[in-house]
Amino acid sequence: MAPYAFLPVIMRELSACSRCRDDTYFSRDEPVKTPRMDHANVKISKVLIIEDDYFYADSLKRHFKTSGQQVATAETFHAAQMAIEADEFDLIIIDPGLPDYGSEMESRDVRLKIIESIINSTPAAVHLVITGRYSTDEAETCRNLGAKGYLGKNRLNAPTLASILELMTRSEFVVHRGSETISDAFPGYYYPFLSLSEEECLQWVEDRPKGMKRNELFVLMAKHFKMKSAEMAEQKYKRARSKVLAHGRKITADNDDPATD
């Protein structure tokens with residue numbers, strides 16, 4: 001992750017933004033070129049993920065498919081262009097470091113040209129830029145180009161992404177710094193006696209952003225799993241947790257259990 005070397009830009013951001021929850025992401029309410037992602041105006045049903053890291057793209061894809069969206073992926077800029085020509089997308093997630101450009105793939109000018117080209121060719125979509133090389137300067141440029149958000153990849157797990165998407169319905173631009181280390185972000189649960197959804201449920205609790213209240217987490221979980229209420233999501237978590245404990249196992253989430261805080 002790039003160091004925060006642009007202090008003057010950061011100070012301007014901090015003076016114009018509202019800080020949210022765990023201090024890892026915040027929103028700005030200044031006008032930008034993209035439409036607001038209001039429920040009445042933008043319905044997210046089709047998602048395009050432009051990402052050359054297969055495992056990271058697959059993780060994002062599984063999150064959106066679980067939430068009921070149709071998802072397409074593109075590993076190169078050329079593949080992204082073909083996808084855009086073939087279909088219309090409501091949400092486009094862009095990692096601008098794509099392999100089409102060889103050694104120039106991480107050049108600032110190349111990255112910004114990719115972002116600008118995709119945004120200009122899909123004006124009706126909402127655009128999120130994700131990157132493992134967070135830069136405050138690049139975030140500001142992406143905002144000016146019309147992106148809806150700029151997200152550092154580190155700690156961009158399912159509950160954080162869901163929270164960011166919800167925040168986008170109320171904000172013009174969202175920044176996620178992703179300051180935690182990647183090793184802390186994905187500990188993983190693999191228990192043969194749990195279903196995949198139960199494992200995912202435990203992972204949501206483990207990945208809860210610092211400062212997020214338990215009710216907020218379970219509300220987002222309920223939306224993700226298409227449950228009727230946050231109480232049902234909490235019950236699902238407790239059942240999974242009880243199975244783990246009954247088999248004599250320990251879970252990391254016990255150290256910060258949202259069912260008891």
Side-chain angles (χ1 to χ4, degrees), residues 13 16-32 34-49 59-71 89-94 124-131 134 139 142-143 146-180 185 197 200-201 203-234 236-237 258 261:
E13 283 187 342
C17 70
S18 57
R19 196 60 60 92
C20 300
R21 296 192 180 99
D22 64 345
D23 203 36
T24 61
Y25 52 90
F26 56 88
S27 64
R28 299 181 65 164
D29 294 319
E30 299 175 13
V32 292
T34 50
R36 288 183 63 91
M37 202 176 75
D38 297 320
H39 293 297
N41 297 328
V42 180
K43 178 178 175 59
I44 302 299
S45 59
K46 290 186 178 182
V47 180
L48 173 62
I49 301 170
S59 176
L60 293 175
K61 181 178 180 179
R62 283 187 284 108
H63 168 73
F64 284 110
K65 291 190 73 173
T66 301
S67 300
Q69 280 85 25
Q70 299 179 43
V71 186
F89 298 94
D90 308 302
L91 174 65
I92 300 179
I93 297 178
I94 311 165
V126 172
H127 303 88
L128 284 179
V129 177
I130 60 172
T131 178
Y134 181 96
C142 289
R143 186 184 75 88
K148 183 73 175 180
Y150 183 87
L151 317 178
K153 284 184 178 180
N154 286 359
R155 199 66 180 178
L156 188 60
N157 47 53
T160 301
L161 179 59
S163 184
I164 288 171
L165 292 172
E166 192 278 331
L167 180 62
M168 285 168 53
T169 67
R170 299 178 279 107
S171 307
E172 293 294 351
F173 187 71
V174 177
V175 173
H176 167 72
R177 287 179 172 152
S179 56
E180 288 85 353
S197 64
E200 188 178 4
C201 185
Q203 193 67 63
W204 268 71
V205 175
E206 169 65 22
D207 290 341
R208 178 171 60 142
K210 295 178 181 177
M212 178 182 284
K213 302 298 183 182
R214 65 170 187 170
N215 289 341
E216 293 175 322
L217 177 71
F218 289 129
V219 166
L220 293 174
M221 283 179 62
K223 291 180 180 179
H224 177 78
F225 289 106
K226 294 190 176 301
M227 298 176 179
K228 293 182 179 180
S229 67
E231 289 74 19
M232 292 181 66
E234 184 173 6
K236 182 179 181 68
Y237 159 70
D261 64 9

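We count residues from 1, following the sequence as given.
- The minimum heavy-atom distance linking C201 with M221 is given by the pair SG-CE, 3.1 Å.
- Atom CG of residue L91 and atom CE of residue M168 lie 6.0 Å apart, to the nearest 0.5 angstrom.
- Sequence neighbours left out, the pairs with a member in residues 148-167 that pass ring-ring contact (aromatic ring centres under 6.0 Å, His included) are Y134-Y150.
- In this structure the side chain of R208 reaches within 4.5 angstrom of the side chain of R214, judged on heavy atoms.
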Check the pair V219 / E166 against side-chain contact (heavy atoms from CB on, under 4.5 Å), numbers first and verdict last. CA-CA 11 Å; V219 166; E166 192 278 331; over 6 Å; no
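- L128 CG to L161 CG: the interatomic distance, rounded to the nearest 0.5 Å, is 7.5 Å.
- At a threshold of 4.5 Å between non-hydrogen side-chain atoms, the residues K65 and Q70 do not count as touching.
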Step by step, work out the side-chain contact (heavy atoms from CB on, under 4.5 Å) result for Y237 and W204. CA-CA 9 Å; Y237 159 70; W204 268 71; over 6 Å; no
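- Atom-to-atom distance recorded for L220:CG and N215:CG is 11.0 Å, nearest 0.5 angstrom.
- Checked against ring pair (Phe, Tyr, Trp, His ring centres under 6.0 Å), F89 has no partners two or more places apart in sequence or in another chain.
- From I44, atom CD1 reaches atom OG of S67 across 11.5 Å, with rounding to the nearest 0.5 Å.
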Stepwise, does the side-chain contact (heavy atoms from CB on, under 4.5 Å) test hold for V47 with L60? CA-CA 10 Å; V47 180; L60 293 175; over 6 Å; no
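- T169 OG1 to L167 CG: the interatomic distance, rounded to the nearest 0.5 Å, is 7.5 Å.
- S45 pairs by the side chain to side chain donor-acceptor pair (under 3.5 Å) definition with D90, not counting sequence neighbours.
- Atoms OG and NE2, on S163 and H176 in that order, are 10.0 Å from each other to the nearest 0.5 Å.
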Show, in sequence, the C-alpha distance, side-chain angles and deciding distance for R143 and K148, and conclude whether the side-chain contact (heavy atoms from CB on, under 4.5 Å) test is met. CA-CA 7 Å; R143 186 184 75 88; K148 183 73 175 180; over 6 Å; no
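- Looking at every heavy atom in both residues, S229 comes nearest to A222 through O-CB, 3.4 Å.
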